[in-house]
Amino acid sequence: MKLVSEYRCFGGKQRVYVHDATETRCPMRFGLFLPPQAESSRVPVLFWLSGLTCTEENFITKAGAQRVAAELGLALVVPDTSPRGLGYPGEADHYDFGLGAGFYVDATREPWAKGYRMYSYVARELWDLVGSRFPLDSTRAGIFGHSMGGHGALVIGLRNPAQFRSLSAFAPISSPTRCAWGEKAFAGYLAEGRDSWGEYDASVLIASRGWPGGTIRVDQGEQDSFLEKQLRPDLLINACRRSGVSLDLRMQPGYDHSYYFIATFMEEHLRFHARNLGVG
């Protein structure tokens, strides 16, 4: 593991690392914010998963999370959204498939199965790596994300409730099996038929597994251009109602899909996770 950059930030340290990843068979970058409290004790940790076309840099530079994370004593782990440099044919042809669009699944269709394993990379390899190298309290962990990353956060959290005690999302793809983005990605990455896609669909998982971790927080902009056709929060609402899962889904008037929307409500999400993880 190599340190790429480090900056002092609100008394803590904003770093970027690169390491040779086993799951993705290529070097992977991730951001890590360590609050000042990490200099003397283990701290709770939040994993952030970004959306289509993003790298670890978008959240680090645009979300405005470090000030509040430093106050609360929360570490932030921010992985990339896909493998880079595998060189598969057509990998860079579309913004919503391939580079920057790993969709947090473990691909089973060739050639993607050899490296597009973002589910296991985040939930297993990166989890183990940061937990063993840094002063993080793995018993107090949460996960959140935006759009494709909101989908990833919900799926990884729902499938691993023993790891992640707190769960939230900004404008998540609530049911990728029922929208064009998800159908394209799943058909391309997953060799099995549609009946198997539910393991990567938050609305399906909630209906079948529930969520033991308390309330799920979701914020959604009412002016989001992807709202009706791609994000479908109505499907998430219905699944939670049927399963008795507590969902705090807030429709925010005037907000769109951008990082301006994310930055506006970031502090509320950080404080939501801090309460769930017993901080303060």
Side-chain angles (χ1 to χ4, degrees), residues 42-49 69 72-79 103-106 118-128 130-131 136-178 182 195-220 231-251 265-266 268-280:
R42 293 188 175 274
V43 295
V45 58
L46 296 179
F47 282 68
W48 169 269
L49 304 186
L72 297 171
L74 296 172
L76 302 171
V77 176
V78 187
F103 263 85
Y104 304 101
V105 303
D106 284 348
M118 290 301 295
Y119 175 87
S120 288
Y121 172 71
V122 172
R124 305 287 179 259
E125 185 170 2
L126 185 60
W127 169 273
D128 291 341
V130 297
L136 308 180
D137 183 354
S138 60
T139 67
R140 293 191 292 169
I143 190 166
F144 64 150
H146 170 238
S147 193
M148 178 186 73
H151 139 72
L154 292 173
V155 166
I156 292 174
L158 290 166
R159 288 177 58 173
N160 298 277
Q163 283 178 244
F164 298 103
R165 291 171 46 188
S166 187
L167 183 55
S168 77
F170 292 81
I173 303 173
S174 295
S175 185
T177 62
R178 289 174 280 184
D195 290 344
S196 70
W197 293 2
E199 284 298 292
Y200 295 110
D201 185 311
S203 295
V204 174
L205 288 171
I206 285 173
S208 62
R209 301 186 182 203
W211 166 247
T215 298
I216 299 171
R217 163 71 59 84
V218 172
D219 276 293
Q220 172 65 63
L231 306 179
R232 300 294 308 275
D234 56 301
L235 298 176
L236 187 65
I237 291 170
N238 291 338
C240 287
R241 284 176 177 167
R242 290 195 303 269
S243 302
V245 171
S246 176
L247 174 67
D248 181 13
L249 194 153
R250 309 184 305 178
M251 300 298 299
F265 300 102
M266 178 55 61
E268 295 181 34
H269 278 247
L270 293 174
R271 295 191 183 280
F272 166 83
H273 287 285
R275 291 191 297 271
N276 289 344
L277 300 178
V279 176

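Computed from heavy atoms alone, side chains included, the values below leave out hydrogens, waters and symmetry copies.
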Determine the minimum heavy-atom distance between Gly150 and Ala169, stating which atoms define it.
CA-CB, 4.0 Å

Side chain proximity check, Trp211 to Leu205, heavy atoms < 4.5 angstrom:
no

Atom pair OG (Ser138) and CG (Asp128), whose distance is rounded to the nearest 0.5 Å
9.5 Å

Separation between CG (Leu167) and CG (Leu247), nearest 0.5 Å, reads 10.0 Å

Would you say the ring centroid of Phe47 lies under 6.0 angstrom from that of Phe164?
yes

Is there a side-chain contact between His273 and Leu72 (heavy atoms, below 4.5 Å)?
no

When you measure from the side chain of Trp127 to the backbone of Val130, do you find a donor-acceptor pair of N or O atoms at a distance under 3.5 Å?
no

May I ask you to test the Val45-Asp137 pair for a side-chain heavy-atom distance under 4.5 Å?
no

Using a 3.5 Å distance criterion without hydrogens, assess whether the side chain of Ser203 forms a donor-acceptor pair with backbone atoms of Ser174.
yes

Pairwise distance CD1(Ile237) to CZ(Arg242) - rounded to 0.5 angstrom
11.5 Å

Would you say that Met118 contacts Phe103 through its side chain, given a criterion of any heavy-atom pair below 4.5 Å between the two side chains?
no

Which atom pair, heavy atoms only, marks the closest approach of Gln220 to Pro233?
CG-CG, 4.4 Å

Kindly determine whether Asp106 and Tyr200 satisfy side-chain contact (heavy atoms from CB on, under 4.5 Å), including the steps that lead there.
CA-CA 10 Å; Asp106 284 348; Tyr200 295 110; 3.6 Å; yes

Of Phe265, Trp48, Phe272, the one forming a ring pair (Phe, Tyr, Trp, His ring centres under 6.0 Å) with Phe144 is Trp48

Does the side-chain contact (heavy atoms from CB on, under 4.5 Å) test come out yes or no for Asn160 and Arg124, once each step is laid out?
CA-CA 10 Å; Asn160 298 277; Arg124 305 287 179 259; 3.0 Å; yes

What closest approach, in Å, do Gly131 and Arg42 show between heavy atoms, and which atom pair accounts for it?
O-NH1, 4.2 Å

Residue set satisfying side-chain hydrogen bond (donor to acceptor under 3.5 Å, both in side chains) with Tyr104, at least two apart, ordered chain then number -> none

Only one of Val218, Asp219, Ile216 clears side chain to side chain contact (heavy atoms under 4.5 Å, CB included) with Leu249; which?
Val218

Does some side-chain heavy atom of Leu270 sit less than 4.5 Å from a side-chain heavy atom of Leu76?
yes

Closest heavy-atom pair and its distance - Ile143, Gly157:
CG2-CA, 4.1 Å

Worked check of side-chain contact (heavy atoms from CB on, under 4.5 Å) between Ile156 and Leu49
CA-CA 10 Å; Ile156 292 174; Leu49 304 186; 3.9 Å; yes

Give, for atom CZ of Arg271 and atom CG of Asn276, the distance between the pair rounded to the nearest 0.5 Å.
14.0 Å

Using the side-chain hydrogen bond (donor to acceptor under 3.5 Å, both in side chains) criterion, which residues pair with Asp234? Sequence neighbours excluded.
Arg232

For residues 203-218, which residue pairs qualify under salt bridge (charged side-chain N to carboxylate O under 4.0 Å, His left out), counting only residues two or more places apart or in two chains?
Glu199-Arg209, Arg217-Asp248

Can any side-chain N or O of Asp201 pair as donor or acceptor with the backbone N or O of Thr177 at less than 3.5 Å?
yes

Indicate yes or no for a side-chain donor-acceptor contact from Arg165 to the backbone of Ala141 under 3.5 Å, with no hydrogens or angles considered.
no

Donor-acceptor under 3.5 Å (Ser243 side chain, Ile206 main chain):
yes

Using the rule given for side-chain contact (heavy atoms from CB on, under 4.5 Å), can you reason through Leu46 versus Val77, listing the C-alpha separation, both sets of side-chain angles and the distance that settles it, and then say yes or no?
CA-CA 6 Å; Leu46 296 179; Val77 176; over 6 Å; no

Looking only at heavy atoms, the pair that brings Gly73 and Val43 closest together is O-CB, 3.4 Å

Looking only at non-hydrogen atoms, find the nearest pair between Ser166 and Leu277 and report the distance.
CB-CD2, 4.1 Å

